[in-house]
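Start at 1 with the first residue, then count along the sequence. Numbering of ligands and ligand atoms starts at 1, following listing order.
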Amino acid sequence: MMHPNRLDTISETLLMGPGPSLVPPEVYRALSRPTIGHLDPRFIALMDEIKEMLRTVMGTRNEVTLPLSGTGSAGMEAAFVNLVEPGDPVLVLVNGVFGTRMVDVASRLGADVDRLDFEWGTPVVPEAVAGKLAERSYRLVAVVHAETSTGVRNPVEAIGELVKPTGALYLVDAVTSLGGMAVEADAWGADVVYSGSQKCLSCPPGLAPFTVSERAMERIRSRTRKVPNWYLDVGLLVGYWAGGTRAYHHTAPINMLYGLYQALRLILEEGLETVFQRHRQAHALLVEGLEAMGLEMLVEPAWRLPMLNAVKVPAGADEVRVRRRLLEEEAIEIGGGLGPLAGKIWRIGLMGHTARPESVERVSAALKKSL
Ligand SMILES: *Cc1c(COP(=O)(O)O)cnc(C)c1O
């Protein structure tokens with residue numbers, strides 16, 4: 001006898017954690033379109049439109065702009081594995097979990113990694129970066145735009161201006177920011193930017209938008225040894241994603257790409273500025289409601305992310321129990337703190353389709369009831 005179908009137990013949860021975010025019905029419908037072949041001309045045409053839409057949301061004219069098969073971490077892995085060779089001096093700016101993860105990824109590749117740490121909940125300070133850059137010549141400098149673990153926005157544009165004259169490659173993680181606030185890869189002088197499908201793009205997890213500058217592609221082409229990862233080798237991937245004849249590399253996740261295609265269309269139809277404003281408004285409404293309840297935000301107003309709100313757990317509240325109650329009784333998911341912030345904050349996501357007044361009202365009412 002087969003067990004009862006587990007899928008029947010899965011009903012909609014209001015996703016207000018650090019991702020995944022709510023998926024719009026149009027994207028669910030897109031995912032269920034018939035699967036076709038990965039070299040079918042209709043599919044190639046769809047791929048080309050995805051690349052073009054990604055260029056628009058990522059603020060770039062980079063030829064090499066494509067979604068990788070994998071989550072945001074595949075984007076991170078791809079960025080380092082293609083750009084870094086053993087012994088390369090790399091500087092990682094760390095003020096949260098994802099900066100820490102970059103240090104791990106770069107170190108595993110044999111890079112000579114320096115890390116510059118900032119207190120979690122505060123932004124990277126450009127003056128400190130300038131000091132570090134004056135001490136040593138780096139092959140690559142890496143930073144997270146929107147630090148999902150703390151709710152901090154980092155000054156990626158100012159850091160880019162410091163990196164540029166040094167000749168180092170500039171890597172920016174835009175996993176949480178893309179589709180929720182302006183990402184301007186070219187204007188920032190970023191050489192590689194990656195993201196994930198399940199945060200502000202509001203597609204299920206599984207794809208990592210990725211862009212590489214021509215300057216970085218030249219560095220990749222002049223590597224002294226092959227990229228030590230076959231699956232994420234950008235040089236091989238462009239053989240499938242670009243050019244007049246497309247060669248099989250790995251089977252593209254066809255239906256996931258339908259989903260991303262539709263998610264990008266929705267964002268561009270609404271208009272990037274309107275989408276960003278919707279995020280800012282939902283954020284303002286949430287902060288207002290939380291502060292009215294006597295709750296405090298972790299991050300200074302100037303550095304708060306609209307799509308990830310870190311709220312201090314008030315004295316006497318049971319952090320885990322509140323989250324469990326929200327999930328079980330109200331079907332609302334929020335996140336807890338990580339690392340040094342574990343038990344100290346909740347992380348309330350307002351990402352993509354979730355960033356609406358209705359979500360804010362539901363989570364505020366539920367929190368009020370639980371506290
Ligand atoms: C979520 C996230 C990642 C990792 O993405 P996954 O999709 O979980 O692999 C990397 N960087 C940041 C800033 C993130 O928020």
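Annotation for ligand 1: atoms under 4.0 Å from non-hydrogen atoms of G72 are 5 (O), 6 (P), 7 (O), 9 (O). Of all atoms in ligand 1, listed by their number and element, those nearer than 4.0 Å to a heavy atom of A146 are 13 (C). Against a heavy-atom cut-off of under 4.0 Å, T148 is close to the following atoms of ligand 1: 12 (C), 13 (C), 14 (C), 15 (O). Numbered from 1 in the order shown, with element, the atoms of ligand 1 that lie under 4.0 Å from a heavy atom of V144 read 13 (C). Heavy-atom proximity to Q198, at under 4.0 Å, picks out these atoms of ligand 1: 6 (P), 7 (O), 8 (O). In the vicinity of S73, heavy-atom distances shorter than 4.0 Å reach the ligand 1 atoms 4 (C), 5 (O), 6 (P), 9 (O). Ligand 1 places these atoms under 4.0 Å from at least one heavy atom of T71: 6 (P), 7 (O), 9 (O). Counting the atoms of ligand 1 from 1 in the order shown, those under 4.0 Å from a heavy atom of R101 are 4 (C).
Remark: side-chain polar atoms of D88 are paired, donor with acceptor, to backbone N or O of E85 under 3.5 angstrom. Using a distance-only test at 3.5 Å, with no hydrogens or angles considered, no donor-acceptor pair links the side chain of N229 to the main chain of A78. Between the side chain of N62 and the backbone N or O of T65, no donor-acceptor pair lies under 3.5 Å.
No more than 12 heavy-atom neighbours from other residues, nucleotides or ligands sit within 6.0 angstrom of CD on E300.
Connection of L350 to L201 is not established within any shared hydrophobic cluster, with ILVMFWY side chains joined at heavy-atom distances below 4.5 Å, either directly or through further cluster members.
S359 and T354 are not linked by any side-chain donor-acceptor pair at a separation below 3.5 angstrom, with hydrogens and angles left out of the test.
Evaluated by nearest non-hydrogen atom to atom 13 (C) of ligand 1, the leading choice among L178, D173, L207 is D173.
Protein heavy atom in closest approach to atom 12 (C) of ligand 1: F98 CG, 3.4 Å.
Checked against a 3.5 angstrom limit, the closest N/O atoms of Y194 and ligand 1 fall outside it.
Taking the six-membered ring where the residue is Trp, Y240 and H38 present perpendicular rings, their angle passing 60° and hence far from 30°.
Note on ligand 1: K199 sits in its first shell, one or more heavy atoms being nearer than 4.0 Å.
Residues E218 and R215 are not paired through a salt bridge, judged by the lack of any N-O separation under 4.0 Å between the basic side chain and the carboxylate.
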